[in-house]
Undergrad: 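I have a structure here, written as structure tokens, and I will follow up with some questions on it.
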Amino acid sequence: KIDRAIQNTVAYIHDNDVVPFLSLAAVRRMIKLLDAVDNETENIWFWKRWKIFYEYDKIPESLTRSVLATEINMKDSPAVDGEFNMTIPARRIVWCKNNFAGRFEAFSCDAQKVALGNIFLTPDMISDHLPEQYEDALDAVLEKLT
């Protein structure tokens, strides 16, 4: 019954909605990577960090190496009790993304590949989860199709 339900389900993701990626494994990964960044940048002068953040200066090579080393080390770290990667139980996922022209585009995605995604930190990652955001996106996509 569950397999049949999944095969008959199409799920939707609105733009930068963070909820489809909020598994315990993803949160642990994000925290470890942010900690690696913090450990590497804590001795960098504030204005230098500001310039790096706004892309006036390049990301230091040592920071890149630190994040990559943390990523590699995490593959060997044991999972905690209850940790898993979240998978959206659907045959396909329609991801509605807002493009630079302010219009929505819909992309068909494989649920297993989406499950491998990461938490993308953006200012609208929570608001993009709200129902009215989904309604607006689906209306825009449907309008484009007709």
Side-chain angles (χ1 to χ4, degrees), residues 2 6-7 9-145:
I2 291 175
I6 290 172
Q7 286 306 312
T9 301
V10 174
Y12 297 88
I13 298 176
H14 172 259
D15 216 3
N16 295 319
D17 185 352
V18 70
V19 173
F21 305 99
L22 282 181
S23 67
L24 184 57
V27 171
R28 283 187 70 216
R29 178 179 181 275
M30 180 185 68
I31 289 169
K32 286 183 179 185
L33 292 175
L34 287 174
D35 192 45
V37 169
D38 185 51
N39 289 340
E40 194 63 38
T41 60
E42 65 187 351
N43 294 321
I44 296 176
W45 189 52
F46 171 79
W47 292 113
K48 176 74 172 168
R49 283 185 286 164
W50 184 89
K51 286 180 174 182
I52 293 168
F53 181 79
Y54 286 102
E55 300 177 359
Y56 290 110
D57 283 354
K58 290 188 175 195
I59 297 173
E61 193 64 35
S62 61
L63 176 57
T64 303
R65 282 194 306 270
S66 174
V67 169
L68 291 174
T70 302
E71 182 80 46
I72 291 167
N73 291 337
M74 282 190 297
K75 292 179 183 187
D76 297 330
S77 67
V80 297
D81 189 32
E83 179 179 334
F84 61 92
N85 284 316
M86 187 168 2
T87 302
I88 298 171
R91 176 176 42 93
R92 294 304 288 172
I93 296 173
V94 176
W95 200 331
C96 301
K97 295 290 290 176
N98 201 352
N99 65 22
F100 292 107
R103 296 195 167 165
F104 281 99
E105 294 178 293
F107 301 93
S108 177
C109 306
D110 179 83
Q112 299 302 316
K113 289 182 181 176
V114 171
L116 299 175
N118 298 311
I119 296 173
F120 186 63
L121 299 175
T122 64
D124 55 358
M125 61 192 238
I126 302 298
S127 63
D128 277 354
H129 182 68
L130 300 176
E132 62 268 13
Q133 299 287 6
Y134 275 86
E135 290 174 19
D136 292 345
L138 292 174
D139 286 344
V141 169
L142 287 174
E143 183 178 298
K144 188 175 180 180
L145 292 174

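Please read all numbers here as calculations on a predicted model, not as lab measurements.
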Undergrad: Nearest 0.5 Å, please: how far is CG in D35 from CG in N39?
TA: 4.5 Å

Undergrad: Is it true that a side-chain atom of N16 and a backbone atom of T122 form a donor plus acceptor pair closer than 3.5 Å?
TA: no

Undergrad: If you take the centroid of each ring, where Trp contributes its six-membered ring, are W95 and F21 closer together than 6.0 Å?
TA: yes

Undergrad: Heavy-atom count around F107 CZ within 6.0 Å, excluding the residue itself: above 12?
TA: yes

Undergrad: Please name the pair of heavy atoms, one in V10 and one in R91, separated by the smallest distance, quoted to 0.1 Å.
TA: CG2-NH2, 3.6 Å

Undergrad: Taking all atoms of both residues into account, what is the closest heavy-atom pair of I52 and P60, and its distance?
TA: CD1-CD, 3.7 Å

Undergrad: Counting only heavy atoms not in I59 (residues, nucleotides, ligands), do more than 12 fall under 6.0 Å from its CD1?
TA: no

Undergrad: Verify, without hydrogens or angle tests, whether D38 (side chain) and L34 (backbone) share a donor-acceptor contact under 3.5 angstrom.
TA: no

Undergrad: Evaluate side-chain contact (heavy atoms from CB on, under 4.5 Å) for I88 paired with I13, printing each intermediate quantity in order.
TA: CA-CA 10 Å; I88 298 171; I13 298 176; 4.0 Å; yes

Undergrad: Could you tell me whether E42 atom CD has more than 12 heavy atoms of other residues or ligands within 6.0 Å of it?
TA: yes

Undergrad: Just to verify, what does D136 make a side chain to side chain donor-acceptor pair (under 3.5 Å) with, not counting sequence neighbours?
TA: none

Undergrad: Can you tell me if Q133 and S127 form a side-chain donor-acceptor pair at under 3.5 Å?
TA: no

Undergrad: Identify the two heavy atoms, one from K48 and one from D57, that lie closest to each other, and give their separation to 0.1 Å.
TA: NZ-OD2, 3.0 Å

Undergrad: If you take the centroid of each ring, where Trp contributes its six-membered ring, are W50 and Y54 closer together than 6.0 Å?
TA: yes

Undergrad: Which of these passes side chain to side chain contact (heavy atoms under 4.5 Å, CB included) with M125: V18, V19, D17?
TA: V18

Undergrad: If you measure from CD on E61 to CG on L68, what distance do you get to the nearest 0.5 Å?
TA: 8.5 Å

Undergrad: Quick one: closest heavy-atom pair of C96 and A137, and the distance?
TA: CB-CB, 3.9 Å

Undergrad: Would you please test F104 and D139 for side-chain contact (heavy atoms from CB on, under 4.5 Å) and show each step?
TA: CA-CA 9 Å; F104 281 99; D139 286 344; over 6 Å; no

Undergrad: Regarding S108 and R92, is there a side-chain donor-to-acceptor distance under 3.5 Å anywhere?
TA: yes

Undergrad: Using side-chain heavy atoms (C-beta onward) and a distance below 4.5 Å, is S66 in contact with V37?
TA: no

Undergrad: Taking atom NZ of K97 as the centre, does the number of heavy atoms from other residues, nucleotides or ligands within less than 6.0 Å exceed 12?
TA: yes

Undergrad: Under the criterion side-chain contact (heavy atoms from CB on, under 4.5 Å), I'd like the reasoning laid out for D110 against I93: C-alpha separation, chi angles, the key distance, then a yes or no.
TA: CA-CA 6 Å; D110 179 83; I93 296 173; over 6 Å; no

Undergrad: Can you tell me if CD on E132 sees more than 12 non-hydrogen neighbours from other groups inside 6.0 Å?
TA: yes

Undergrad: Look at E71 together with R29 and state whether they make a salt bridge at an N to O cut-off of under 4.0 Å.
TA: yes

Undergrad: Can you tell me if R103 has over 12 outside heavy atoms packed within less than 6.0 Å of its CZ?
TA: no

Undergrad: Using a 3.5 Å distance criterion without hydrogens, assess whether the side chain of H14 forms a donor-acceptor pair with backbone atoms of H129.
TA: no

Undergrad: Can K32 and N73 be said to form a side-chain contact (heavy atoms from CB on, under 4.5 Å), step by step?
TA: CA-CA 10 Å; K32 286 183 179 185; N73 291 337; over 6 Å; no

